Amino acid sequence: MAGLGQLICRAVRIVGLVLFYYVFSIGITFYNKWLMKGFHFPLFMTLVHLTIIFCLSALTRSAMQCWTGKPRVLLSWKTYMIKVAPTALATALDIGLSNWSFLFITISLYTMTKSTAVLFILFFSLVFKLEEPLFLQNPFLIVVVLLIAGGLFMFTYESTEFNLEGFVMVLLASFIGGIRWTLTQVLMQKAELGLQNPVDTMFHLQPLMFMGLFPLFVFNEGLSLCSSEKLFRVGEVPPLLYSLLMLSAGGALAFGLGFSEFLLVSRTSSLTLSISGIFKEVCTLLLAARLMGDKMTMVNWLGFAVCLSGISLHVGLKAYYSKGKSQTLRQLPSKDGQDLELPLLRHGEEDREVEETCDEDEEQEILH
């Protein structure tokens, strides 16, 4: 009975963490699309979100330091610019292009196109030698690529709401996302940097992300924002406060997304997050059709099913080839933007007996 009780408690905990992750992940997707209908400055919105994430990360770090009595990691300028800058630039471009695309495409097309990120992650994990050779030589990988690519083609084929400009933006964001998550894994696996905690990672990434995205914002949105009645030319205070409140809400959602992903991965595994991400995409498309009026034909739905089959096969292959192997370091994403998929760069679930005995240690890892 004791074993059954522990199993039930564990199941309830996992379901709770998954739902917590869904609230932020799905919520920020619909928030971005909703906000872009009346606020056509996605790069400025992203800069505001980055600022809020940095402030919340700094406050969280201070609270952790007061609670534990141990100083948080603070990188030197040389290490910061050499080690962190590439990851920050890739992350900023990924998030910026993803947000920008909402001006042109529907949530359905965004969700479907963004799912192709797994192909680019697989490619860059090969380039950076993060994948095991045996897994990469598996012939089923060809099937994975064909299923995902074929599903995307079917989804966009004769789509009544297809927009080429937005589609290219999301596809480019997926490509850069492959670089982003590969560099993020490399960054967080460097023990000498001390960035295993995602709060520390987010704290260090945001300033460089802001500086990397700011020139693009000035070039594309600077003049139009200065002359917009949404902010600088506002005639009354209430509309200005409303705009600032809505932008701040998005920043809080982005911070909560990164934190919820970390909790889910640290308490279960990256495989659990990957599998839950598949169902999240289904929920997102169903909600988009229901709430946002996105129109999808039978061919589009079939293409989505084919693409999900490819992603599911990829997850299954990763779980099979990593079976019986423990992780030396789990994937700790810093998904501080609106990009909603986590790459499958880490191995599958740890041996459950080891995990059960290390639960208390993991709780300490979250704090320290």
Side-chain angles (χ1 to χ4, degrees), residues 16-36 39 42-67 72-74 84 87-88 90-96 98-99 102 114 173 177 180-181 184 187-188 195-214 243-267 273 276-277 280 284 330-343 365-368:
L17 291 174
V18 169
L19 292 178
F20 186 60
Y21 160 63
Y22 277 14
V23 168
F24 288 104
S25 183
I26 298 177
I28 201 169
T29 302
F30 284 88
Y31 161 85
N32 287 335
K33 183 60 179 179
W34 169 78
L35 188 64
M36 288 299 99
F39 189 84
L43 298 180
F44 177 76
M45 179 192 72
T46 305
L47 292 178
V48 174
H49 290 178
L50 296 179
T51 303
I52 293 175
I53 293 171
F54 175 77
C55 294
L56 292 177
S57 300
L59 291 174
T60 306
R61 278 165 52 92
S62 299
M64 287 180 174
Q65 184 168 326
C66 293
W67 180 264
R72 306 304 304 177
V73 61
L74 190 63
V84 180
T87 306
T91 304
L93 291 175
D94 180 14
I95 295 171
S98 297
N99 288 342
F102 278 114
K114 200 64 174 169
R180 166 196 178 183
W181 286 113
T184 299
L187 181 69
M188 302 190 74
L195 296 181
Q196 286 75 26
N197 191 301
V199 175
D200 294 325
T201 305
M202 288 190 287
F203 175 81
H204 283 85
L205 283 176
Q206 307 313 306
L208 285 176
M209 290 174 61
F210 187 98
M211 289 187 291
L213 200 60
F214 187 77
S243 298
L244 294 177
L245 179 62
M246 291 300 99
L247 291 172
S248 301
L253 283 174
F255 179 82
L257 175 59
F259 189 71
S260 64
E261 286 176 336
F262 166 66
L263 282 179
L264 181 58
V265 173
S266 65
R267 302 311 300 160
L273 184 58
S276 62
K280 176 183 68 66
T284 301
R330 289 176 178 154
Q331 174 74 13
L332 302 178
S334 59
K335 198 102 170 275
D336 37 37
Q338 289 58 254
D339 179 77
L340 306 177
E341 271 66 33
L342 184 72
E365 289 174 8
I366 295 177
L367 293 176
H368 302 294

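Predicted, not measured: the structure shown is a model, and the values here were computed from it. By convention here, the first residue in the shown sequence is residue 1.
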Enquirer: T29 and K114: side chain to side chain contact (heavy atoms under 4.5 Å, CB included), yes or no, with the steps?
Expert: CA-CA 12 Å; T29 302; K114 200 64 174 169; over 6 Å; no

Enquirer: Supply the atom-to-atom distance N99 CG to H49 NE2, rounded to the nearest 0.5 angstrom.
Expert: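 Output value for this atom pair is 7.5 Å.
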
Enquirer: In Å, rounded to the nearest 0.5 Å, how long is the span from CG of L93 to OG of S98?
Expert: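 One gets 10.5 Å once the value is rounded to the nearest 0.5 Å.
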
Enquirer: Could you tell me which residues satisfy side-chain contact (heavy atoms from CB on, under 4.5 Å) with L19, sequence neighbours excluded, listed by chain and number?
Expert: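 Applying side-chain contact (heavy atoms from CB on, under 4.5 Å) to L19 gives V15.
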
Enquirer: Restricting to non-hydrogen atoms, name the atom on H204 and the atom on V84 that form the minimum distance, rounded to 0.1 Å.
Expert: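 Taking every non-hydrogen atom into account, O-CG1, 4.0 Å.
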
Enquirer: Using the rule given for side chain to side chain contact (heavy atoms under 4.5 Å, CB included), can you reason through S260 versus L257, listing the C-alpha separation, both sets of side-chain angles and the distance that settles it, and then say yes or no?
Expert: CA-CA 5 Å; S260 64; L257 175 59; 4.2 Å; yes

Enquirer: Hey, could you give me the CZ/OH distance between F259 and Y21, rounded to the nearest 0.5 Å?
Expert: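 It comes to 15.5 Å.
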
Enquirer: Please name the pair of heavy atoms, one in S25 and one in K280, separated by the smallest distance, quoted to 0.1 Å.
Expert: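 Looks like OG-CD, 2.9 Å.
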
Enquirer: For I53 and F203, run side chain to side chain contact (heavy atoms under 4.5 Å, CB included): C-alpha distance rounded to whole Å, both residues' side-chain angles, the deciding distance at 0.1 Å, then the answer.
Expert: CA-CA 8 Å; I53 293 171; F203 175 81; over 6 Å; no

Enquirer: For R180 and T87, which heavy atoms make the closest approach, and how far apart are they?
Expert: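 Here R180 and T87 meet closest at O-CG2, 4.3 Å.
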
Enquirer: Could you go through T51 and F210, starting from their C-alpha distance and side-chain angles, then the distance that decides it, and tell me whether this counts as side chain to side chain contact (heavy atoms under 4.5 Å, CB included)?
Expert: CA-CA 8 Å; T51 303; F210 187 98; 3.6 Å; yes

Enquirer: Any idea which heavy atoms bring A88 and L208 closest together, and the distance?
Expert: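 Looks like CB-CB, 3.5 Å.
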
Enquirer: Do you know the tightest heavy-atom contact between M202 and Q206?
Expert: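 Looks like O-CG, 2.8 Å.
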
Enquirer: Is there side-chain contact between P42 and F102, with heavy atoms separated by less than 4.5 Å?
Expert: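 Not in contact.
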
Enquirer: Listing request: all salt bridge (charged side-chain N to carboxylate O under 4.0 Å, His left out) pairs with a residue in residues 48-63, at least two apart in sequence or in separate chains.
Expert: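 For residues 48-63: R61-D200.
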
Enquirer: For F20, which residues count as a ring-ring contact (aromatic ring centres under 6.0 Å, His included) partner, sequence neighbours excluded?
Expert: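 F20: ring-ring contact (aromatic ring centres under 6.0 Å, His included) contacts with F24.
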
Enquirer: Quick one: side-chain contact (heavy atoms from CB on, under 4.5 Å) partners of L59, sequence neighbours excluded?
Expert: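 side-chain contact (heavy atoms from CB on, under 4.5 Å) check on L59 returns nothing, list empty.
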
Enquirer: Applying side-chain contact (heavy atoms from CB on, under 4.5 Å), name anything that partners L35, two or more places apart in sequence or on another chain.
Expert: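 With sequence neighbours excluded, L35 shows a side-chain contact (heavy atoms from CB on, under 4.5 Å) to Y31, F39, M45, M246, L247, given in chain and number order.
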
Enquirer: Compare every heavy atom of L213 with every heavy atom of L47, then report the nearest pair and how far apart it is.
Expert: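 Taking every non-hydrogen atom into account, CD2-CB, 3.9 Å.
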
Enquirer: Let me confirm one number: the OG1-CZ distance from T60 to F255, rounded to the nearest 0.5 Å.
Expert: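 Between atom OG1 of T60 and atom CZ of F255 there are 3.5 Å.
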
Enquirer: For V23, enumerate each residue passing the side-chain contact (heavy atoms from CB on, under 4.5 Å) test, keeping only those at least two apart in sequence or located in another chain.
Expert: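 With sequence neighbours excluded, V23 shows a side-chain contact (heavy atoms from CB on, under 4.5 Å) to no residue whatsoever.
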
